[in-house]
Amino acid sequence: QKEVEQNSGPLSVPEGAIASLNCTYSDRVSQSFFWYRQYSGKSPELIMSIYSNGDKEDGRFTAQLNKASQYVSLLIRDSQPSDSATYLCAVPEGPGGGADGLTFGKGTHLIIQP
Amino acid sequence: EAGVTQFPSHSVIEKGQTVTLRCDPISGHDNLYWYRRVMGKEIKFLLHFVKESKQDESGMPNNRFLAERTGGTYSTLKVQPAELEDSGVYFCASSQGGGPGYTFGSGTRLTVV
């Protein structure tokens, strides 16, 4: 049974600062990692995926992966109030890179304070 | 392009009753997934269809849950008889080629009283 652990928060960050969200996972063979954003009452939306150790940047978002430590993080630079949401970390259920479904963490509730 | 549509958006039923949730995926998407989030818990995978075939139903909680996707278009998830612990938000998602870039529906909030 795969497990994905996240601090549920809330994590409060002032506007313009860097928000750092962390996630650990139990299955060493996981090769793909995903970050979803979910606004209150809305559906999850994929914002980042990462497959290799190191950093992957997309606009204000940077995903960081350390497979040896089984740790993946999401950094949000220049945080905006519109970034306030729950951020979900996910790994594939099976070897299919996510095609077989995902195991999610409980999510971290991020609040950006104006 | 229309998104993934789920209905009803909310359902309140009594314990022991039957409820059927429906999901209309994005047109042309062969892969359809059902997930559930119970309050205070993480989103849990229930099952995966490829067209009309069940690819993986390992996440289905028990035999009170029945999912179908006749014709490979829309899907239904029936809960019969419903129990209190079935309360939660049921999400459907679809993708064309499989993989995590799938689109979620807005969910059905089920409350069993």
Side-chain angles (χ1 to χ4, degrees), chain A residues 1-10 21 23-27 30-51 56 58 61 63 65 72 74 85-109, chain B residues 2-7 9-10 21 23-26 29-51 53-61 67 75 77 88-109:
Chain A
Q1 182 84 21
K2 293 187 180 184
E3 293 185 356
V4 177
E5 299 290 337
Q6 296 181 256
N7 188 324
S8 61
L21 305 162
C23 170
T24 58
Y25 57 93
S26 63
D27 188 353
S30 292
Q31 296 296 316
S32 310
F33 306 88
F34 310 101
W35 283 100
Y36 281 76
R37 178 177 61 200
Q38 186 177 21
Y39 292 113
S40 180
K42 302 294 184 181
S43 55
E45 172 193 14
L46 179 67
I47 56 171
M48 287 286 283
S49 57
I50 187 167
Y51 307 95
K56 178 182 178 183
D58 183 0
F61 297 95
L65 174 61
V72 57
L74 180 70
T86 296
Y87 289 81
L88 305 165
C89 177
V91 301
E93 286 270 324
D100 302 326
L102 297 173
T103 297
F104 284 89
K106 289 185 180 181
T108 298
H109 182 42
Chain B
V4 177
T5 305
Q6 291 187 248
F7 50 93
S9 57
H10 294 82
L21 314 180
C23 169
D24 285 69
I26 292 173
H29 281 194
D30 289 340
N31 293 273
L32 187 149
Y33 307 82
W34 283 99
Y35 286 84
R36 175 175 75 170
R37 185 166 197 165
V38 173
M39 186 176 291
K41 303 282 189 180
E42 64 276 17
I43 297 174
K44 284 278 199 182
F45 168 80
L46 296 179
L47 87 158
H48 170 208
F49 282 101
V50 177
K51 297 184 180 180
S53 299
K54 292 177 185 175
Q55 192 76 9
D56 180 1
E57 53 183 331
S58 61
M60 295 287 264
S75 175
L77 180 63
V89 180
Y90 290 77
F91 289 105
C92 175
S94 75
S95 73
Q96 189 168 24
Y102 36 70
T103 303
F104 277 87
S106 55
T108 293
R109 181 174 295 277

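The figures here come from the full heavy-atom set of this structure, side chains too, leaving out hydrogens, waters and symmetry mates. Letters A, B, ... mirror the listed sequences (proteins, then strands); counts begin at 1.
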(message) For Gln38(A), which atoms come within 4.5 Å of any heavy atom of chain B: side chain, backbone, both, or neither?
(response)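 For Gln38(A), the side chain is the part near chain B, not the backbone.
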(request) Identify the heavy atoms of Ser106(B) and Ser43(A) that sit nearest to each other, and give their distance. (result)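 Closest heavy-atom pair between Ser106(B) and Ser43(A): CA-CB, 4.0 Å.
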(message) How long is the straight-line distance from CD1 of Ile43(B) back to NZ of Lys106(A), given to the nearest 0.5 Å?
(response) 13.0 Å
(message) If you count heavy atoms of other groups shown closer than 6.0 angstrom to NZ of Lys54(B), is the number above 12?
(response) yes
(request) Tell me, yes or no, whether the heavy-atom count around Lys42(A) atom NZ, taken from other residues, nucleotides or ligands under 6.0 Å, exceeds 12. (result)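 Open.
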(message) Taking side chain as everything from C-beta outward and backbone as N, CA, C, O, which of these in Arg37(B) sits under 4.5 Å from a heavy atom of chain A? Side chain, backbone, both or neither.
(response)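 Side chain only.
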(request) In sequence, state the C-alpha distance, the side-chain angles, and the governing distance for Leu102(A) and Tyr33(B), and then conclude on side chain to side chain contact (heavy atoms under 4.5 Å, CB included). (result) CA-CA 10 Å; Leu102(A) 297 173; Tyr33(B) 307 82; over 6 Å; no
